[in-house]
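Here is the naming used below: chain letters follow the sequence lines, and residue numbers restart at 1 for every chain. Fair warning: this is a prediction, and the values are worked out from it, not measured in the lab.
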Number of protein chains: 2
Amino acid sequence: MDLMKEFHPIIDDAEDNSVVRCNMTSCEKCIGRSVSMCSALKDHEVKLLSDISMNISKRSKQVICAEGELAEYLYNVQSGCVRISKMLSDGRRQVIDFLFPGDYFGLVCNNGYNYSAETITDVNLCRMPRNAILEKIKEIPAFSKKILDITIHELLETQEQRLLLGRKSAKERLCTFLLTINARSSNGGHMKKNHIFLPMSRADIADYLGLTIETVSRQFTILAKDNIISLENSPLVRIIDIEELQLIASGG
Amino acid sequence: MDLMKEFHPIIDDAEDNSVVRCNMTSCEKCIGRSVSMCSALKDHEVKLLSDISMNISKRSKQVICAEGELAEYLYNVQSGCVRISKMLSDGRRQVIDFLFPGDYFGLVCNNGYNYSAETITDVNLCRMPRNAILEKIKEIPAFSKKILDITIHELLETQEQRLLLGRKSAKERLCTFLLTINARSSNGGHMKKNHIFLPMSRADIADYLGLTIETVSRQFTILAKDNIISLENSPLVRIIDIEELQLIASGG
DNA sequence: CGTGCATTTGACCACCTTCAATAAAGGTGG
DNA sequence: CCACCTTTATTGAAGGTGGTCAAATGCACG
């Protein structure tokens with residue numbers, strides 16, 4: 001797990017979890033993000049929001065919030081990787097998404113959270129009270145529009161995923177997954193080109209793609225044997241033939 | 001197809017499609033709906049909206065809007081059943097949803113419509129210009145909140161569907177489908193209890209559930225043989241044992 | 001009554017799952 | 001630092017679910 005630390009060296013070793021009040025400095029870093037909802041706010045409004053927001057640090061494999069729990073907070077991932085999942089009553093799990101820096105969660109829920117969120121790596125989060133956000137929606141139309149845009153974007157992605165689960169083969173699913181992660185997790189820019197950092201387990205990927213661990217593993221092996229990817233340095237995957245990957249992903 | 005007419009006797013036989021300006025009377029009927037976005041509007045605002053909205057009637061099996069097409073309008077289904085679907089590049093189709101009275105479509109899209117909408121039965125629609133709606137979002141916060149609620153609801157349903165496609169067996173999928181339609185399509189109240197009206201084809205259901213026509217048909221037969229449902233009068237399905245149906249749907 | 005389309009049913013096969021064994025990686029304590 | 005144990009990943013063999021292909025049946029409509 002050396003690579004884990006290498007790519008997520010954010011958290012002070014002194015303590016497992018920390019909660020500190022946000023300051024404008026941390027928010028200003030955050031504002032830079034293109035899809036950030038804060039971009040719809042004036043400086044003094046950001047100040048108001050930052051005053052009631054917290055910077056949260058969590059170690060890997062910890063629960064951030066649980067399905068059904070009263071939804072008090074909205075979160076923004078600042079560093080690391082978070083897993084969002086739902087459970088069927090019989091214990092089967094569906095991983096809804098893997099979140100990377102810039103992604104939100106906790107916005108879309110009916111009273112309680114409708115999914116659980118757990119850290120996969122060490123993670124830094126911005127935690128905002130949902131009440132305050134919902135107030136802002138009523139007050140600031142531009143902010144409201146931004147929230148709607150984020151939700152719409154999430155909806156479009158979920159629809160794509162539905163198509164994947166409904167119609168694609170195991171191989172197509174894995175290729176699509178690799179391309180998606182490649183596009184989304186640039187990991188703050190310090191990833192070598194064509195290298196994908198996969199901090200999640202095979203079980204996580206399987207539950208995301210609607211497959212079993214074994215099938216995922218086999219498909220990885222096949223892709224490596226066909227010289228489309230390389231699995232040499234473990235949590236990293238190197239894409240050798242991205243055109244082929246795209247071809248398979250789109251059903252060719 | 002007599003039953004089709006019986007349950008959707010709305011359209012004047014004189015013409016295939018009609019387009020007439022909305023009036024307050026038709027809007028007032030519409031306002032009654034609990035999730036209607038118009039409920040967030042004042043009377044005079046509804047008047048403004050109704051002035052630029054149209055009541056559209058379409059016969060069955062007609063295209064309302066096509067994937068990719070410039071998204072000019074937002075629609076509300078007033079009667080009948082509409083199918084929303086997407087295409088994969090290789091021709092595979094994913095049915096996103098079946099819409100019933102009170103449901104919206106055309107709201108969530110990035111520039112062009114991101115799905116096609118076709119009529120399954122004869123249909124009455126309320127057609128509103130998207131521009132005007134997006135203006136209202138900026139002007140009226142309560143309206144904006146309503147639109148967000150509708151989008152969030154759509155997202156939650158899509159996530160449920162993902163779980164279904166990713167983790168459920170053919171039998172579980174069909175049972176879930178029957179229960180969902182049973183809950184949603186009360187068909188204006190003139191359906192006998194425990195009777196589901198299924199105007200869509202087996203192909204539609206298959207593409208909705210991520211299965212083949214044959215598998216859907218087989219599962220229908222099995223459920224009928226097990227005395228869980230009855231298929232005696234064709235587009236209608238009678239639920240005999242709803243507890244069993246729920247048990248199977250939830251993975252028992 | 002015949003035509004065309006949707007649905008049902010059957011036979012066979014492929015893909016993915018399940019079950020099981022092995023290998024590799026990580027964590028802990030001496 | 002290494003031995004031991006636990007967890008995760010890989011690989012193999014067998015089995016089942018659902019897909020594919022094909023034929024038959026049913027149903028609406030001319």
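- Nucleotide C/dA14 holds its C1' atom 13 Å from the CD atom of A/Gln219, rounded to whole Å.
- Counting to the nearest Å, the C1' atom of C/dA6 and the CG atom of B/Leu231 are 14 Å from each other.
- The base-pairing partner of C/dG30, taking Watson-Crick or G-U wobble contacts with both distances under 3.5 Å, is D/dC1.
- The nucleotide whose nearest atom lies closest to any side-chain atom of B/Arg202 is, among C/dT18, D/dA9, C/dT8, C/dT8.
- Atom NZ of B/Lys61 is separated from atom P of D/dC29 by 10 Å (rounded to the nearest Å).
- A straight line from NZ of A/Lys168 to P of C/dC16 spans 14 Å, rounded to a whole angstrom.
- For C/dT9, neither phosphate oxygen OP1 nor OP2 lies less than 4.0 angstrom from any side-chain nitrogen or oxygen of B/Ser217.
- Nucleotide C/dC15 holds its C1' atom 11 Å from the CD1 atom of A/Ile222, rounded to whole Å.
- For the pair B/Asn233 CG and D/dG26 C1', the interatomic distance rounds to 16 Å; values are reported in whole Å.
- A/Asp122 places a side-chain N or O within donor-acceptor distance of the main-chain N or O of A/Ser60, the cut-off being under 3.5 Å.
- Counting atom types as modelled, A/Arg92 pairs no side-chain N or O with a base atom of C/dT17 as donor and acceptor under 3.5 Å.
- For B/Arg173 against D/dG18, no side-chain N or O and base N or O form a donor-acceptor pair under 3.5 Å.
- Rounded to whole Å, the distance from CG on B/Asp207 to P on C/dA6 is 13 Å.
- Side-chain N or O atoms of B/Tyr104 include none that pairs as donor or acceptor with a backbone N or O of B/Val77 at under 3.5 Å.
- In this structure, B/Tyr75 and B/Phe105 have parallel ring planes: the angle between them is below the 30° cut-off, well short of the 60° mark.
- Looking at the side chain of B/Glu214, the nearest of the listed nucleotides D/dA22, D/dA13, D/dG18 is D/dA22.
- Formation of a donor-acceptor pair under 3.5 Å by the B/Gln161 side chain with backbone atoms of A/Arg162 is not found in this model.
- B/Thr212 has a side-chain polar atom (N or O) that falls below the 4.0 Å cut-off from OP1 or OP2 of D/dG19.
- Rounding to whole angstrom units, CD1 of residue A/Ile205 and P of D/dT10 are separated by 9 Å.
- Backbone-only engagement by A/Ser201 is indicated by non-hydrogen atom pairs under 4.0 Å involving sugar-phosphate atoms exclusively.
- In this structure, A/Arg83 contributes its side chain and A/Lys61 its backbone to no donor-acceptor pair below 3.5 Å.
- Looking at which nucleotide of DNA chain D each of A/Thr221 and A/Arg167 is closest to, the 5′-most match is held by A/Thr221.
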